[in-house]
2 protein chains.
Amino acid sequence: MTSAATISDVAIMAGVSIKTVSRVVNREPNVSEKTRDRVAQAITQLRYKPSLAARGLAGGRSFLIGLLYGNASDSFLGELQRGILRTCRERHYGLALFPVMQQAPDMQADVLGWIGSTQPDGIILSPPLSDDTALVDALLESGVKFISVSSAGTGRGPAVHIDEAAAAQQMTRHLIGAGHRRLGFVKGPADHVCSCLRYEGFCAALSAAGIPFDDSFIARGDFHFSSGVEAAKQLLSGPNRPTAIFASNDDMASGVMHVAYQKGLTIPGDLAVAGFDDTPVSRQLWPGLSTVKQPIQLIGQTATERLLTDISGAKNENSDNGTEPKHRLAEREILPFELMLRASTKG
Amino acid sequence: MTSAATISDVAIMAGVSIKTVSRVVNREPNVSEKTRDRVAQAITQLRYKPSLAARGLAGGRSFLIGLLYGNASDSFLGELQRGILRTCRERHYGLALFPVMQQAPDMQADVLGWIGSTQPDGIILSPPLSDDTALVDALLESGVKFISVSSAGTGRGPAVHIDEAAAAQQMTRHLIGAGHRRLGFVKGPADHVCSCLRYEGFCAALSAAGIPFDDSFIARGDFHFSSGVEAAKQLLSGPNRPTAIFASNDDMASGVMHVAYQKGLTIPGDLAVAGFDDTPVSRQLWPGLSTVKQPIQLIGQTATERLLTDISGAKNENSDNGTEPKHRLAEREILPFELMLRASTKG
DNA sequence: ATGGTTATTGACAGCGCTGTCAATGCCGGT
DNA sequence: ACCGGCATTGACAGCGCTGTCAATAACCAT
């Protein structure tokens, strides 16, 4: 293996200056067809690949997007990464991961330190980090470009997400439409904005249908399977149990189903169960779990596109009149969700 | 937000040369206590973070590990990433992802191109890529350091994994021990080395127990849920159906359970089911799925450690006598697995 | 042909850091 | 006092690329 070709190798081979090669690589204008072809050919022959590090250092950009995430579920992160990477690949950007340990006291310093040394051109903030006001403020102040995905967040900074409340409301309406009047709900963790919104949607549907709100039908979970188990035990313990339970995510819903089976209840006969997220498990459970599908890949893709657009926008933002209003990202983009109705709610 | 501090800011503040700051940052020897302290203090005050790009360019290393993966399951990748990132963070390394599209014709060029521009200091190869002889050969030839995880691979290059065959054999023995004599098996895709090994383990246990091999009890899947469904339909169609089915992974096992329910079979009463991987779904299914747990995080951690050790080893490999044998990575490291026995196999 | 454009190209400085090597200071031994 | 030897430090030249700006070529209308 010979060491990789550098830009000057290409320049020599094509008989042009280094700068011209750079122009071709970066698709800059003002290079004649002939030269461009000659350079392109040299590039292919030498298998030249520009060094990200050098481009970054010289050009002041790293060609890296950073993904910050807390302890979200694997399937969520997997989908999100797929979406992000699709756009990244198109635009010749790389993705660097940074798992944030939210409980750590110096979490913010950690994050800012990582950003400082990695110098990603933009950051994608996945829930529940997007709900962390202090972190978002720190990012805002640091001047890094960022965007939140799948979370309405704290209202600061741009975001791409679905209308969680509407989705929850629609699913609840579906349950009500199936004849249920005693509806249980398993909330998510209080510090997730989305779990509040889902709860709001649930409540809105109840009141729209004129169903009185019953506090004993509400349990709190933390989005994990085991908390769904606990919640279900609580909800299904009394004599006057709900006939349907809507859990704020699929993992907790599967916990609910677990308990139902243990108690000998049939699904959906004795108990209808609905979840949220359309994780793979919702299809694999028996019976299939009705749930809300977020277009997570699309969210990731969209967020990345906006971020990259914003980045290259900022790059060419040096001269001209400063009079025209700064081209900030449109603050939020709402994507459509989809109800996945499966056997767990169909009598 | 003022622009980030550079090394020369620190040097000025501490009243030393740039090089000395560099020494402190890199923990090089031969810096007096006093100087070191003074520099350290300046670093903290200025919140100085060395730029990866610059370090990479100047030092010839990128401080980046690349993770190449095909279409593995989210939970597998999630766990793996967690393990890798744990070590990365300790060693101040970053992780860059590269999803390989295996079906693409120019896949190898893609990968090599990415490596060329990103210039990761090392590469982790996750299955099923580690089984791709052509790719592994290309990497070997390119001279990048790499290590395969969770796969015995093609025998070329270092790897960290469990003894898949032994694990499958042990699980099979467990089923036999529970009294089963008609054992079904759902194979994985043929091009995954691990699915072959799992199958071998299954066969080994059968013959060790003197159970005749019945070809009609063997079905082929592709590690996805739906293929488990198909396989189960096939295996459970005849009159003389197996009393236990061992699927080569959890997703297919959950497909098997799905079909069993559809046919009105009880688990484990009418049919015992076992899987492989201990994905979250194995706990969330009803009844809980017996499965084999690989210590995936540990595998990721271990692989990363070896890779980084190898990298820094190679860095100091310039002078000295070339007589002592090259310090190659010990080729493979076998980690222990664990049988997770749950209700799906317990009568 | 002449001046005025505009399209095309390259020389050069530097991005923030590390490796090399030379310079300095300090020690003990004679 | 003198020298070898080692610990400590800094000057300097790049790493591979991009931005700036000046130089040249090519073109147009007059």
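Keep in mind that what you see is a predicted model, and the values were worked out from it rather than measured. Within every chain, numbering begins at 1; the chains are lettered A, B, ... in the order of the sequence lines, protein sequences first and strands thereafter.
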Got a donor-acceptor contact below 3.5 angstrom from the [X] side chain to the [Y] backbone?
X        : Y        : value
B:Ser51  : A:Ser117 : no
A:Ser126 : A:Val149 : no
A:Arg38  : A:Ala14  : yes
A:Asp106 : A:Ala109 : no

Query raised in the report: Do B:Arg23 side-chain and D:dG10 base share a donor-acceptor contact under 3.5 Å?
Result: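 Check passes, donor-acceptor contact within cut-off.
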Please check the phosphate of [N] (OP1 and OP2 only) for any side-chain N or O of [X] closer than 4.0 Å.
X       : N      : answer
B:Thr20 : D:dG10 : yes
B:Ser51 : C:dC17 : no
B:Ser22 : C:dT18 : yes

**Report entry** Qualifying residues under side chain to side chain donor-acceptor pair (under 3.5 Å), relative to A:Asn26, sequence neighbours excluded
**Finding:**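 A:Asn26 satisfies side chain to side chain donor-acceptor pair (under 3.5 Å) with A:Ser22, A:Arg55 only.
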Query - A:Lys145 vs A:Ile123, side-chain contact (heavy atoms from CB on, under 4.5 Å): CA-CA, chis, key distance, verdict - result: CA-CA 6 Å; A:Lys145 296 199 186 309; A:Ile123 298 236; over 6 Å; no
Requested in this report: Run the numbers on B:Ser151 and B:Ser148 for side chain to side chain donor-acceptor pair (under 3.5 Å), then give the verdict.
Outcome: CA-CA 7 Å; B:Ser151 164; B:Ser148 309; over 6 Å; no
If I take atom [atom1] in residue [X] and atom [atom2] in nucleotide [N], what distance separates them, rounded to the nearest angstrom?
X        : N      : atom1 : atom2 : result
A:Gln119 : C:dC15 : CD    : P     : 13 Å
B:Glu28  : C:dT18 : CD    : P     : 8 Å
A:Asn26  : D:dC17 : CG    : C1'   : 9 Å
A:Arg36  : C:dT8  : CZ    : C1'   : 11 Å
B:Leu57  : C:dG16 : CG    : P     : 12 Å
B:Arg61  : C:dC17 : CZ    : P     : 16 Å

Query raised in the report: Testing A:Ile124, A:Leu68, A:Val136 for side chain to side chain contact (heavy atoms under 4.5 Å, CB included) with A:Phe146, which one passes?
Result: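 By the side chain to side chain contact (heavy atoms under 4.5 Å, CB included) criterion, A:Phe146 pairs with just one of A:Ile124, A:Leu68, A:Val136: A:Val136.
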Query - NZ/NE/NH1/NH2 to OD/OE distance under 4.0 Å, B:Asp9 and B:Arg47 - result: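 Answer for the salt bridge query: no.
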Listing, residues 83-93 of chain A side-chain donor-acceptor contacts under 3.5 Å, not counting sequence neighbours, or none:
from    : atom 1 : to       : atom 2 : distance (Å)
A:Arg86 : NH1    : A:Gln297 : OE1    : 3.0
A:Arg86 : NH1    : A:Gln301 : OE1    : 3.1
A:Arg86 : NH2    : A:Gln297 : OE1    : 2.8
A:Thr87 : OG1    : A:Gln301 : O      : 3.4
A:Arg89 : NH1    : B:Asp110 : OD2    : 3.4
A:Arg89 : NH2    : B:Pro99  : O      : 2.3
A:Tyr93 : OH     : A:Arg61  : NH2    : 3.1
A:Tyr93 : OH     : A:Asp121 : OD2    : 2.8

Query raised in the report: Distance only, no hydrogens: is a donor on one side chain within 3.5 Å (strictly under) of an acceptor on the other, for B:Thr20 and B:Ser17?
Result: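 Yes, a side-chain donor-acceptor pair sits under 3.5 Å.
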Query raised in the report: Under a 3.5 Å cut-off on both pairing distances, which runs of 3 or more consecutive Watson-Crick or G-U pairs involve DNA chain D?
Result: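 Consecutive-pair runs (3 or more) involving DNA chain D: C:1-30 with D:1-30.
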Requested in this report: For A:Phe63, answer base if it contacts any base atom (sugar-phosphate contacts may also be present), sugar-phosphate if it contacts only those atoms, and nothing otherwise; contact means non-hydrogen atoms under 4.0 Å.
Outcome: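 A:Phe63: no heavy atom of the nucleic acid under 4.0 Å.
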Requested in this report: Mind listing the closest non-hydrogen atom pair of A:Ile299 and A:Val160 along with its distance?
Outcome: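 Shortest heavy-atom contact: CG2-O, 3.6 Å.
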Report task. Could you tell me which non-hydrogen atom of A:Tyr69 sits nearest to which non-hydrogen atom of A:Leu77, and how far apart they are? Result ->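 Of all heavy-atom pairs spanning A:Tyr69 and A:Leu77, the closest is CD1-CD1, 3.5 Å.
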**Report entry** Along DNA chain D (nearest heavy atom to each residue), the more 5'-positioned of B:Arg38 and B:Gly59
**Finding:**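 Comparing both residues, the 5'-ward one is B:Arg38.
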Report task. Ignoring the backbone of A:Lys19, work out which of C:dA11, C:dG19, C:dC17 is nearest its side chain. Result ->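 For the A:Lys19 side chain, the nearest candidate turns out to be C:dA11.
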Report task. Please determine, for the side chain of B:Arg55, which listed nucleotide (D:dT20, C:dT18, D:dT9) has the closest atom? Result ->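 Of D:dT20, C:dT18, D:dT9, C:dT18 is nearest to the side chain of B:Arg55.
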Tabulate atom names and distances for all N/O pairs under 3.5 angstrom spanning the protein and nucleotides 25-28 of chain D.
none

Requested in this report: Under 4.0 Å from any atom of DNA chain C, heavy atoms only: list the residues of residues 7-18 of chain A that qualify, in numerical order.
Outcome: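 Those residues are A:Val16, A:Ser17.
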Query - CD (B:Gln41) with more than 12 external heavy atoms under 6.0 Å - result: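 12 or below, so no.
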Could I get a table of every N or O pair under 3.5 Å where one atom is in the protein and the other is in nucleotides 4-8 of chain D?
from  : atom 1 : to      : atom 2 : distance (Å)
D:dT8 : OP2    : B:Asn30 : OD1    : 3.4

